Amino acid sequence: MEKTKIFVLDTNVLLYSAGSIESFTDNDVVIPMAVVEELDKFKKDLDQNGRNARQVIRKLDRLRIAGNLREGSPLQTVSSIATGKLRVLSSSALRAKLGDVELTQVFQSDLTDDSPDNRILQVAFLVQLLQKDHQVIFISKDLNLRLKADALGLKVMDYEREKIRSDVLYTGFRTVELEESALKAIYRENRLPEPPAGLFPNEFVVYRNRDNSGQTALAREFPDGSFATLRSENRTCWNITARNREQRMALELLCDPAVQLVTLVGGAGTGKTLLALAAGLEAVLKQEQYEKILVSRPIVPLGKDLGYLPGDKGSKLLSWMQPIYDNLDFLLRAEGPAPKGKSRYSGGYSPESLINSHRLELEALTYIRGRSLPRQYVIIDEAQNLTAHEVKTIISRAGEGTKMVLTGDPHQIDNPYIDSSSNGLSYLVERFKGEKLFGHVTLARSERSPLSALAANLL
């Protein structure tokens, strides 16, 4: 008979997902007292960690009212699917129950009480010693803490409820090899073979000559169920022409108003942000399909944070939004050097004029909660630094007639509590594939410059 499980949760699990305490169905959950102390430090923060901390504290208070947190309160109080119990335990109370002098010496030498992490590990270790008829599992998103727990003989796991296998992430297209004669029939007669089984809406098929991989044709499964080849000429958008097959697929989705949610995944220099901005400028300024472009990105620094930034909100955002300005500058400026005394921008548009006329809005994700965004072309850049809950919060802001584009590279994550498998962008791609209003493309080839492509391949 399988032992009943007891899951001991680390602070970062609760900060990552406020719903984690009810995710273990019929098993019991233990929250160390040190975790409650750490939640108290986060509860006043205005970011996602602060919101999750407050939600967890409110749930614990409901459980306190419904039962006894030390002896165990039924999780059904906060969830219809969880049938286990939740306890809040301190290492000192558990040590008193055990009364093991040798164990106390171990904690004094290796796991001193001056560290909250050590006090959390003490609770997990002591629960394992006291509950021999249960399987105790320590859950943490802190890799170093998992290493320490494993060294103590604890069974450890990451919080994997929202994890996706990054190595098999949906790419948005598949490749089918054909004989040369069949490929020529596509070009000359627009006669496509039977589409592959199990195609998702807005998924592409690359037909490739079996004997010459350079000869290809491209087809798409449309949301209405039709399957058709794409025109032979390259797609152009705001004077930007796709440089490779994946970019062409991306522009097809970005320029199709029926596809209301688009995700673009790819490494540095693959053109994710540039393509999204070009399609946004085309749709807002030329086609007038949307009222304005809203661009946002998570405030997560690479390396050491610069700290306090002076000025108003616009001045503070300038540093974080500089990559967006760089792309806008490239898209809006005239070809060649500007004539003396003339604007370097063509078409009468500059980043500043678009912002002043409210056709372009740059916003920090901090301020997007609670907003409703109708008839807007929304771009969320660097979305790999978001959790699944944050992505849900953002997409649920979409109002009538709004298109959302999320871009990012799951292998370049600066958020310490998520990785290539647990970030919100990867989670979104896997959960939305198969929906008619969703499209996705994974971009593989760097087109920024020969040097950038070489760095992406060699470093």
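As the structure is a computational prediction, the values presented were derived from the model and not from experiment.
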So, [X] side chain and [Y] main chain: donor-acceptor pair closer than 3.5 Å or not?
X	Y	answer
K141	D158	no
T270	R445	no
N52	L15	yes
T236	T241	no
S73	L69	no
S426	N423	no
K272	G267	yes
Q384	D409	yes
R54	D45	yes
H440	T263	yes

Apply side-chain hydrogen bond (donor to acceptor under 3.5 Å, both in side chains) to [X] and list each qualifying residue two or more places apart in sequence or on a separate chain.
X	result
T83	none
R208	E177
D256	R220

Under 4.5 Å between any side-chain heavy atoms of [X] and [Y], yes or no?
X	Y	answer
Q128	F138	no
I293	L354	no
P410	V265	yes
I31	L14	yes
N385	I413	yes
Y325	L362	yes
L254	Y377	yes
R359	Y349	no

Neighbour count >12 (heavy atoms, 6.0 Å) for atom NZ, K85
no

Surrounding CZ of R243 (heavy atoms of other residues, nucleotides or ligands, distance under 6.0 Å), is the total greater than 12?
no

Work out which heavy atom in [X] is nearest to a heavy atom in [Y]; give both atom names and the distance.
X	Y	value
G198	R174	O-NH2, 3.3 Å
A149	L121	CB-CD2, 3.5 Å
T407	L425	C-CD2, 4.1 Å
R119	S91	O-CB, 4.2 Å
E288	R375	O-NH2, 3.9 Å
V13	S140	CG2-CA, 3.8 Å

Please list, chain by chain and in numerical order, all residues satisfying salt bridge (Lys or Arg N to Asp or Glu O under 4.0 Å) with D381, sequence neighbours excluded.
R297

With side-chain contact (heavy atoms from CB on, under 4.5 Å) as the test, would you mind laying out the steps for T387 and K392 before giving the verdict?
CA-CA 9 Å; T387 67; K392 176 183 177 181; over 6 Å; no

Regarding [X] and [Y], is there a side-chain donor-to-acceptor distance under 3.5 Å anywhere?
X	Y	result
Q122	N118	no
S79	E22	no
D117	S115	no

P193: partners by side chain to side chain contact (heavy atoms under 4.5 Å, CB included), with sequence neighbours left out
L178, I186, Y207

Quick one: list whatever passes side chain to side chain contact (heavy atoms under 4.5 Å, CB included) with D40, sequence neighbours left out.
K43

Taking atom [atom1] of [X] and atom [atom2] of [Y], what is their separation to the nearest 0.5 Å?
X	Y	atom1	atom2	value
M404	L373	CE	CG	5.5 Å
F432	Y170	CZ	OH	13.5 Å
L281	L360	CG	CG	8.0 Å
L152	L147	CG	CG	11.5 Å
T11	K41	OG1	NZ	9.0 Å
Q376	E291	CD	CD	7.0 Å

Verdict with supporting geometry, L386 and I380, side-chain contact (heavy atoms from CB on, under 4.5 Å):
CA-CA 10 Å; L386 300 170; I380 308 298; 4.0 Å; yes

Pick out which of R64, R58, K59 makes a side chain to side chain donor-acceptor pair (under 3.5 Å) with D61.
R64

Using side-chain contact (heavy atoms from CB on, under 4.5 Å), reason through E252 and L218 one step at a time and then give a plain yes or no.
CA-CA 11 Å; E252 288 290 333; L218 190 61; 5.9 Å; no

Could you walk me through whether F204 and L253 pass the side-chain contact (heavy atoms from CB on, under 4.5 Å) check?
CA-CA 10 Å; F204 296 89; L253 299 176; 3.9 Å; yes

